[in-house]
Amino acid sequence: MLKIKCPFCGVRDESEFSCGGEAHIARPTTDLKLTDKIFSEYLFMKYNPKGVFLERWCHTSGCRRWFNLARDTVSHEIIEIYPMGVFPKTVKGKKAYQANWRRKSKYEAVSKPAKRTKK
Amino acid sequence: MAKLNIDRGTRAFTRKSKRYSIFSIAKNAASYHQKWQQAWRHAEPKSTYDAVIIGGGGHGLATAYYLANIHGITNIAVIEKGWLGGGNTGRNTTIIRSNYMWDESAAIYEHALKLWEGLSQDLNFNVMFSQRGVLTISHSEHELKGMSRRVHAIRLNGIDSDILSPSEIKKLVPTINIDPNIRYPVMGGFIQKRAGTARHDAVAWGYARAADELGVDIIQNCEVTGLRRNGNQITGIQTTKGFVKTSKVGCVVAGHSSIIADMANIRLPITSRPLQAIVSEPIKPILDTVIMSNAVHMYISQSDKGEMVLGAGVDKYNSYAQTGSWTIPEHMVAAAIDLFPFLSQLRMLRQWGGIVDTCPDASPIISKTDVKGLYFNCGWGTGGFKATPGSGHVFADLIANDRPNPIALPFGLKRFETGYLIDEHGAAGVAH
Ligand SMILES: Cc1cc2nc3c(=O)[nH]c(=O)nc-3n(C[C@H](O)[C@H](O)[C@H](O)COP(=O)(O)OP(=O)(O)OC[C@H]3O[C@@H](n4cnc5c(N)ncnc54)[C@H](O)[C@@H]3O)c2cc1C
Ligand SMILES: [Zn+2]
C-alpha cells in the first residue's frame with residue numbers, strides 16, 4: 001500500500017487515489033498531416049519502464065485534484081510529487097523525463113504548437 | 001471464425017524408452033524411484049542457433065516444442081532468466097475457456113482449447129487438464145440480457161455455451177445461496193462445460209521435457225540483456241552467459257516485453273501491472289466448477305489440494321514488483337464472502353502477484369516487427385494461460401514461415417495503426 005502525500009490534503013492511503021497513467025504525453029497538433037503509424041505511437045504505444053516513471057494521480061476520494069508523481073516501478077518509492085503543467089525537479093525525475101522514447105519520437109516533434117508565420 | 005486443422009506434430013517421443021507409462025512407474029517403483037531419468041538436460045548456450053526463444057514460461061516453451069515437433073526446427077534454445085514457469089505461468093489461477101465473443105478471439109482460444117483436449121497425450125505428461133466447467137453468474141436483469149447475447153454469439157462460432165437458471169446453478173453448486181433477497185442475488189448465469197483448469201507447473205514441465213527430447217536447449221538462469229542487429233536484421237542476443245548468434249528471435253516475456261522491445265528500439269502498447277491471487281487453507285471438496293462474477297468482481301475455484309483459489313482484477317498502477325497492493329486482496333476477500341459467506345471462516349494461506357502485460361484492447365499481440373527476424377508474442381495480460389498451447393502453436397508457425405497464419409493474422413501490431421482492434425474489454429467484460 002502506498003502512502004501518497006496529496007499536495008492539497010496531506011498524507012493519505014493509496015486507496016483514496018486513482019492513477020491516471022503516464023504524465024507529459026503531448027497531443028500532436030498537426031494531426032491531419034501525420035501518418036497512421038506516427039499517430040498510433042501517440043495514441044496506443046506506451047512508455048513502460050522498469051525504474052522511475054512519471055505519472056498522473058488524482059485524489060479521487062478527497063479533493064479530486066490532479067498532480068504528478070515520480071515513482072520507481074520496482075521499489076514503489078515515491079521520488080517526487082509535483083503540480084500539473086510543470087516538469088520534475090529532482091535528478092531522478094529529470095532523468096526519467098529524458099529517458100522516455102517520446103522525447104525522440106516524430107510525433108512529439110510536431111506536438112508543440114506550430115509557429116505562426118508572419119504575414 | 002478462422003479455423004485450422006490441428007497439426008499436433010509427429011516427431012516427439014519416438015524413442016519408447018523415454019516415455020512415461022504405467023510400466024515405467026512399475027519399473028521405477030522396483031528401484032524405489034531412485035533411477036528416474038532427468039526430465040530435461042541442463043543445457044548451456046551454444047554459440048549459434050537457428051532460432052532463440054526468450055522466456056521460459058508456458059508460451060515460450062510451447063513455441064519451442066511446436067517449432068521442433070511440427071516444423072522440424074530443432075537447433076533452437078529457450079532462454080529463461082529465472083526458472084521455468086517462474087513468471088506468470090506458475091502464478092496464475094489456471095482458468096481455461098474459449099467462450100470469447102469476437103470471432104478473432106474465439107478462433108485462437110478455441111484453437112488452444114482443442115489442443116488442451118489432447119495435450120497430456122501429446123506431451124506424454126499429465127497436465128491435469130480438468131474440464132470442470134466455468135460458470136459466470138449474473139446478479140441483475142441487464143447483466144443476464146448481455147449474457148444471453150454473448151451466449152448466442154459464442155454458439156454461432158460452434159463453441160459450447162449454455163444459459164443456466166438459478167435452480168440449475170443451485171444443482172451444480174449446492175453451496176451457493178440463490179435466495180432472491182440477498183445483496184447480490186443470483187439471477188442466472190452461463191457456463192462453458194468444456195472449460196476448466198489445468199496444473200500450471202505441469203504445463204511448463206511437460207512442454208520443456210518434450211522440447212528437450214527433440215533436441216531443444218533449455219537454458220535457465222540466463223538473462224537476455226541486449227539484442228544485436230545488422231541494419232534491419234537481427235543477428236544475435238546478448239545474455240548473462242555470453243553472446244549467442246541467431247537470425248530469429250521470438251520474445252515471449254509477458255510483463256517484461258517493453259524491456260526487450262526497448263533493446264530493439266521498437267514500441268509496444270503494453271503496460272505492466274501486478275495481478276494478484278490468494279489461496280485459503282485446504283478444505284474438503286465443495287466446489288467442482290469455476291465460478292466467476294463480473295458484478296462482484298471476483299472468481300473462485302477449488303484446487304485438487306482443496307485450497308480455495310481466489311482472483312480478481314489488476315492493480316491500478318504500473319509495477320514490476322511481483323507483489324501488488326493490499327487493497328486488491330481486501331476487495332477480493334470481501335467479494336468472495338458476499339458470494340459464499342462460509343468463506344469468512346477460512347484462513348488465507350498465501351498471496352502473490354505476477355506482472356501481466358496488459359494491452360489497450362485486452363487482446364494479445366502475435367506479430368512480426370519492423371526488425372527482420374524479431375517476433376513478439378505478448379499482451380496476454382490477465383488471461384493468457386488458457387491460450388498457452390494455441391499461442392505456442394501459431395507463434396511457432398509465424399517464426400518458421402515468417403508469415404502469420406489466419407488465426408494469428410488479426411493479432412499483429414499493425415492493428416494499432418489500422419484501428420482494427422479486437423476489443424475484448426467491451427465484448428467480454430470479464431477478467432481471465
Ligand atoms: C495472479 C494471476 C492469475 C492469472 N490467472 C489466469 C487464469 O486464470 N487464466 C488464464 O488464462 N490466465 C491467467 N493469468 C495470465 C497468465 O498467467 C499469463 O497470460 C500467461 O501465463 C503468460 O505466459 P507466458 O509464458 O507468456 O509468460 P510467463 O510465464 O510470465 O513467462 C515469461 C518468462 O520470461 C522470462 N523473462 C523475462 N525477461 C527475460 C529476459 N530479459 N531474459 C530471459 N528471460 C526473461 C520471465 O522470467 C518469465 O519466466 C493470470 C496471471 C496472474 C499473474
Ligand atoms: Zn487531496
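Numbered from 1 within each chain, the chains take letters A, B, ... in sequence-line order.
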Say you draw a straight line from [atom1] of [X] to [atom2] of [Y]; how long is it, rounded to the nearest 0.5 Å?
X	Y	atom1	atom2	answer
B:Lys414	A:Lys37	NZ	NZ	6.0 Å
A:Trp101	B:Ile266	CH2	CD1	12.0 Å
A:Met45	B:Leu413	CE	CG	6.0 Å
A:Phe39	B:Glu417	CZ	CD	12.5 Å
A:Lys104	B:Asn265	NZ	CG	7.0 Å
A:Lys46	B:Asp357	NZ	CG	13.0 Å

**Report entry** Engaged part of A:Phe53 at the chain B interface, taking heavy atoms whose separation is under 4.5 Å
**Finding:**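 When you check distances to chain B, only side chain atoms of A:Phe53 fall under 4.5 Å.
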
**Report entry** Under 4.5 Å from a heavy atom of chain B, the part of A:Glu14 involved
**Finding:**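 Its backbone and side chain both get close to chain B.
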
**Report entry** More than 12 heavy atoms of other groups within 6.0 Å of A:Lys95 NZ
**Finding:**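 No, not enclosed.
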
Query raised in the report: So, for A:Asn48 and B:Ile270, which heavy atoms are closest and what is the spacing to 0.1 Å?
Result: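 Looking at all heavy atoms of both residues, the closest pair is ND2-O, 3.3 Å.
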
Query - Pairs of heavy atoms under 4.5 Å with chain B: top-ranked of A:Glu41, A:Lys50, A:Glu55, A:Glu22 - result: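 Of A:Glu41, A:Lys50, A:Glu55, A:Glu22, A:Lys50 has the most heavy-atom pairs under 4.5 Å with chain B.
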
Query raised in the report: Do the ring planes of A:His76 and B:Tyr317 sit parallel (below 30°), tilted (30 to 60°) or perpendicular (above 60°)?
Result: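 Answer is perpendicular, since the angle exceeds 60°.
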
Query raised in the report: Can you check whether A:Phe17's main-chain N or O pairs, donor with acceptor, with B:Lys316's side chain at less than 3.5 Å?
Result: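 The answer is yes, because a donor-acceptor pair under 3.5 Å joins these two groups.
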
Requested in this report: Give me the contact list for residues 318-333 of chain B versus chain A, heavy atoms only, anything under 4.5 Å, ordered by residue number.
Outcome: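 Residues B:Asn318, B:Ser319, B:Tyr320, B:Ala321, B:Ser325, B:Trp326, B:Thr327 are the ones that qualify, each having a heavy atom under 4.5 Å from chain A.
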
